[in-house]
Amino acid sequence: MAWEAVIGLECHVQLKTRTKMFCGCPNRFGAEPNANVCPVCLGLPGALPRTNERALEYALRGGRGQVVPSRAPR
């Protein structure tokens with residue numbers, strides 16, 4: 001049996017948005033602890049997240065800007 005090396009890359013970025021990724025809470029640096037939280041941030045039962053569309057747009061732009069070769073599925 002032949003082995004094939006598959007290497008992945010994980011990137012963490014900080015996007016310049018005014019709100020968090022999955023809720024409408026402000027994303028302010030230097031605020032008091034637990035000041036910018038809501039039921040979604042806290043992961044409370046029944047709290048449904050909503051995607052920050054600006055963050056999604058920035059992420060897609062960044063992904064399109066990277067030229068990464070990919071191989072076709074077998």
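What you see below is based on every heavy atom in this structure, not just the backbone, and it leaves out hydrogens, waters and symmetry mates. The shown structure was predicted, so the numbers you read here are calculated from the model rather than taken from an experiment. All residue numbers in this chain count up from 1 along the given sequence.
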Is there a side-chain contact between Val40 and Leu48 in this structure, where contact means two heavy atoms from C-beta onward sitting under 4.5 Å apart? no
By side chain to side chain contact (heavy atoms under 4.5 Å, CB included), Ala59 pairs with (sequence neighbours left out) none
Residue list, salt bridge (Lys or Arg N to Asp or Glu O under 4.0 Å) with Arg61, at least two apart or on another chain: Glu57
I'd like to check the side chain to side chain contact (heavy atoms under 4.5 Å, CB included) partners of Leu42; sequence neighbours left out, ordered by chain and number. Val37, Leu44
Set of residues satisfying side chain to side chain contact (heavy atoms under 4.5 Å, CB included) with respect to Leu60, sequence neighbours excluded: Leu56
Contact list for residues 14-42, test salt bridge (Lys or Arg N to Asp or Glu O under 4.0 Å), sequence neighbours left out: none
dist Asn36:CG -> Cys23:SG (nearest 0.5 Å) comes out at 9.0 Å
Smallest heavy-atom separation, Gly24 atom then Arg50 atom, equals CA-NH2, 3.6 Å
The criterion is side chain to side chain donor-acceptor pair (under 3.5 Å); which residues satisfy it with Thr19, sequence neighbours excluded? Asn52
Apart from Tyr58 itself, members of its ILVMFWY cluster (side-chain separation under 4.5 Å) are Val13, Leu15
Donor-acceptor list for residues 5-12 side chains, cut-off 3.5 Å, not counting sequence neighbours:
unit_1, atom_1, unit_2, atom_2, d
Glu10, OE2, His12, NE2, 2.8

